[in-house]
Amino acid sequence: CKGWYLSAADVLFIILDTIILTSFGTALSSLVGVFLTSQGQISAVGSVVSSTYGFLSGAYMPLSQLPAWLNTFVSFLPGTYGTSLLRNHCLGNAFDAFVAECPSEQADIAEKAVEAMKNGVDCNIKFAGNVDVSVAGMFAILVGSVVVLIAAYVLINMLRKKKK
């Protein structure tokens, strides 16, 4: 490999991915924390939830290493798609360059190798083990989840204020 494989667009998408994932984590922890009464409880529960969620969303290890039934379960978690977005934006051009630099007679082999690598590092995600999810679909799932979590948090707080 030679050169720099991240384009300016990739860097901007990585920043956007990070902002959306941070928003998702903040919204999720806020929603969980709204039911707790002390800072100690919020901290303890937040640590357990974030570490478990990080493991299940593929942030700590590739989902391809998990059993098929667990892969199906984690495909319902929005964080899974955020992790995949980051990997796609960080590795996409490097994979493309790998194929482009191969001699034409080996292009088929290189494309198969890249697909296997993408599957191995969760760039390609299948919903419920069957349906391929596009990058645009991953964005939609993640942003939609942030909106739903924030709406739930606001609604819960509005209902709590009405009871007081």
For [X] and [Y], work out which heavy atoms get closest and say how close.
| X | Y | result |
| --- | --- | --- |
| His89 | Val135 | NE2-CG1, 4.1 Å |
| Leu86 | Leu21 | CD1-CD1, 3.5 Å |
| Pro62 | Gly120 | CB-O, 3.3 Å |
| Ala27 | Leu149 | CB-CB, 3.7 Å |
| Leu36 | Val32 | CG-O, 3.9 Å |
| Ile14 | Cys90 | CD1-SG, 3.6 Å |

By side chain to side chain donor-acceptor pair (under 3.5 Å) - contacts of Glu115 (at least two apart) =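 By the side chain to side chain donor-acceptor pair (under 3.5 Å) rule, Glu115 matches Asn124.
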Checking the side chain of [X] only, and the main-chain atoms of [Y] only, is there a donor and an acceptor separated by less than 3.5 Å?
| X | Y | answer |
| --- | --- | --- |
| Tyr81 | Ser75 | yes |
| Ser43 | Gln39 | no |
| Asn71 | Ala68 | no |
| Ser29 | Thr26 | yes |
| Ser145 | Pro78 | no |

Can you tell which of Ile15, Leu85, Leu142 makes a side chain to side chain contact (heavy atoms under 4.5 Å, CB included) with Ile20?
->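 Exactly one candidate clears the test, Leu142.
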Could you note down all residue pairs passing salt bridge (charged side-chain N to carboxylate O under 4.0 Å, His left out) where residues 62-90 supplies at least one of them, sequence neighbours left out?
->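 Sorted pair list: Arg87-Asp122.
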Among all residues two or more places apart in sequence or in another chain, which pass the salt bridge (charged side-chain N to carboxylate O under 4.0 Å, His left out) test with Lys112?
->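 If we apply the salt bridge (charged side-chain N to carboxylate O under 4.0 Å, His left out) test to Lys112, skipping adjacent residues, there are no hits.
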Out of curiosity, Phe13 CZ to Phe139 CZ, how far, rounded to the nearest 0.5 Å?
->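 It is 5.5 Å, given to the nearest 0.5 Å.
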Taking atom CG of Leu56 and atom OG of Ser51, what is their separation to the nearest 0.5 Å?
->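 If we round to the nearest 0.5 Å, Leu56:CG and Ser51:OG are 9.5 Å apart.
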Is [X] linked to [Y] within one hydrophobic cluster, defined over Ile, Leu, Val, Met, Phe, Trp and Tyr using a side-chain heavy-atom separation of less than 4.5 Å?
| X | Y | result |
| --- | --- | --- |
| Val48 | Val45 | no |
| Leu28 | Val34 | yes |
| Val148 | Met158 | no |

Under 3.5 Å, is there a donor-acceptor pair linking the side chains of Asn88 and Ser84?
->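 Side-chain D/A pair, Asn88 to Ser84: present.
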Using a distance-only test with no angle check, is there a side-chain donor-acceptor pair under 3.5 angstrom linking Thr37 and Gln41?
->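 The answer is yes; a qualifying pair exists.
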For the residue pair [X] and [Y], establish whether any side-chain heavy-atom pair is separated by less than 4.5 Å.
| X | Y | result |
| --- | --- | --- |
| Leu91 | Met117 | no |
| Leu63 | Thr83 | no |
| Ser57 | Leu77 | no |

Derivation and outcome, side-chain contact (heavy atoms from CB on, under 4.5 Å), residues Leu66 and Met61 = CA-CA 9 Å; Leu66 301 176; Met61 67 181 266; 3.8 Å; yes
Step-by-step side-chain contact (heavy atoms from CB on, under 4.5 Å) determination, Phe24 to Val143 | CA-CA 8 Å; Phe24 175 77; Val143 170; over 6 Å; no
Under the side-chain contact (heavy atoms from CB on, under 4.5 Å) rule, what do Leu16 and Leu12 come out as? Steps first, then yes or no, please.
-> CA-CA 6 Å; Leu16 179 63; Leu12 292 175; over 6 Å; no
side-chain contact (heavy atoms from CB on, under 4.5 Å) between Thr80 and Met138, intermediate numbers included = CA-CA 9 Å; Thr80 302; Met138 292 179 200; over 6 Å; no
Could you label the plane-to-plane angle of the Phe127 and Phe76 rings as parallel, tilted or perpendicular, counting under 30° as parallel and over 60° as perpendicular?
->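 Phe127 vs Phe76 ring planes: perpendicular.
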